[in-house]
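Chain letters run A, B, ... following the sequence lines, proteins first, then strands; residues in each count from 1.
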There are 2 protein chains.
Amino acid sequence: MNKSEIKVISVLERVGGFASAQQLHQLLLRGGESIGLTSVYRALQSLVDDKIVDQLRKDDGEAIYRLCGEAHHHHLVCKSCGSTVEIEGSALEKWAKAMAEEHGYREVGHLAEVFGICPKC
Amino acid sequence: MNKSEIKVISVLERVGGFASAQQLHQLLLRGGESIGLTSVYRALQSLVDDKIVDQLRKDDGEAIYRLCGEAHHHHLVCKSCGSTVEIEGSALEKWAKAMAEEHGYREVGHLAEVFGICPKC
DNA sequence: AGCACAAATGAAAATGATTTTCATTTTCGT
DNA sequence: ACGAAAATGAAAATCATTTTCATTTGTGCT
Ligand SMILES: [Zn+2]
Ligand SMILES: [Zn+2]
Ligand SMILES: [Zn+2]
Ligand SMILES: [Zn+2]
């Protein structure tokens with residue numbers, strides 16, 4: 001655990017969710033830290049290898065990261081105004097796990113989001 | 001539906017699964033077709049917009065594509081090799097509907113994807 | 001402290017997929 | 001056939017990420 005990794009973990013804690021390498025780098029600089037983008041990438045890769053950080057891809061292919069410990073949850077998003085509600089996902093978790101086991105997949109994760117028009121809109 | 005899109009659809013039919021833009025381009029050239037890489041990308045983007053083709057991302061961020069059946073379904077995707085299985089989603093459908101109703105949302109849709117490491121990898 | 005060697009750092013260059021530009025070609029309606 | 005609009009693709013641009021490599025920092029030993 002070197003200095004860069006500690007800095008990256010601390011900014012991930014502050015963020016409390018997903019962020020890209022470039023966002024994290026900017027946040028660190030703005031927070032007064034001195035760190036190169038290369039080191040941010042290296043630290044993130046190492047933390048992912050050590051399973052301290054989760055990595056996944058946005059639709060545009062950019063990688064986003066979050067601390068593994070962050071509470072896992074899902075959103076109900078309004079297609080019109082963008083307001084979001086955190087929703088309970090135990091049924092979904094069971095489904096994802098069952099589907100993965102049924103096909104022999106390991107190291108399982110999932111993404112799920114529900115869209116609609118909220119009552120206000 | 002222009003010539004490029006037709007060529008891309010036909011090669012996707014031949015492939016019968018996921019392939020990257022570059023792979024599809026190579027396959028088309030080897031098959032004797034004359035088409036530029038730019039047109040392959042353009043055709044794929046257009047087909048994705050029209051929901052004729054599914055696009056997703058491998059772990060390394062590269063986009064892979066395949067023809068999409070009309071029926072609504074979900075995927076179990078291997079994070080490592082990109083192989084996918086179509087999975088049964090009735091439990092998920094119920095969950096999404098219940099969550100939306102609980103919060104008074106209308107015109108509900110959802111996105112869900114399960115990922116892991118397949119038995120082969 | 002002084003020295004040697006390994007690890008860490010980051011600027012700059014390289015990589016590679018994807019997108020954009022733009023000049024040329026093809027298609028289509030009149 | 002003529003002109004406008006769409007399609008095409010080569011080359012350049014973009015952009016996240018990785019690699020290189022020279023420099024700095026940390027660590028153990030004398
Ligand atoms: Zn709304
Ligand atoms: Zn979940
Ligand atoms: Zn696999
Ligand atoms: Zn569904």
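Note: the hydrophobic cluster containing A:Leu47 also contains A:Leu28 (ILVMFWY, side chain heavy atoms under 4.5 Å, direct or indirect links). With hydrophobic clusters built from ILVMFWY side chains whose heavy atoms lie under 4.5 angstrom apart, A:Leu44 shares a cluster with A:Leu67. Linking ILVMFWY side-chain heavy atoms closer than 4.5 Å, directly or via other members, places B:Ile35 and B:Ile9 in a single hydrophobic cluster.
One atom, CD of B:Gln23, and another, P of C:dG16, lie 15 Å apart when rounded to the nearest Å. Straight-line distance from the CD1 atom of B:Ile64 to the P atom of C:dA17: 14 Å, rounded to whole Å. Across the protein-nucleic acid pair, A:Glu62 atom CD and C:dG16 atom C1' stand 16 Å apart, rounded to whole Å. Taking atom CD1 on B:Ile35 and atom P on C:dT26, their separation rounds to 15 Å, with Å as the unit. Between the CD atom of A:Glu5 and the P atom of C:dA8 there is a distance of 8 Å, rounded to whole Å. Atom CZ in B:Arg57 sits roughly 8 Å away from atom C1' in C:dT18 (whole-Å rounding). Rounding to whole angstrom units, CG of residue B:Leu37 and P of C:dT19 are separated by 10 Å. Taking atom CG of residue B:Leu56 and atom P of nucleotide C:dA17, one finds them 17 Å apart after rounding to whole Å.
Within the structure, every side-chain polar atom (N or O) of B:Lys58 is placed at least 4.0 Å from both OP1 and OP2 of C:dA17. In this model, the phosphate group of C:dT18 is approached by a side-chain N or O of B:Tyr41 to a distance below 4.0 Å at OP1 or OP2.
Among the heavy atoms of the strands lying under 4.0 Å from B:Ser34 are primed sugar atoms or P, OP1, OP2 only; no base atom is included. A:Ser20 comes within 4.0 angstrom of nothing in the nucleic acid, heavy atoms only.
Along DNA chain C, the nucleotide nearest B:Ala63 and the nucleotide nearest A:Val40 are compared for position; the residue whose nucleotide lies closer to the 5' end is A:Val40.
In this structure, a donor-acceptor pair under 3.5 Å is present between the side chains of B:Ser90 and B:Glu88. Under 3.5 Å, the side chains of A:Tyr41 and A:Gln22 contain a donor-acceptor pair of N or O atoms.
On the nucleic acid side, DNA chain D contacts chain A at distances under 4.0 Å to non-hydrogen atoms, with the end points of that region at D:dA16 to D:dG26.
Here the two rings, on A:His110 and A:His74, have centers that are under 6.0 Å apart.
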* To do: Kindly determine whether B:His75 and B:Arg66 satisfy side-chain hydrogen bond (donor to acceptor under 3.5 Å, both in side chains), including the steps that lead there.
  => CA-CA 12 Å; B:His75 293 139; B:Arg66 82 157 174 194; 2.3 Å; yes
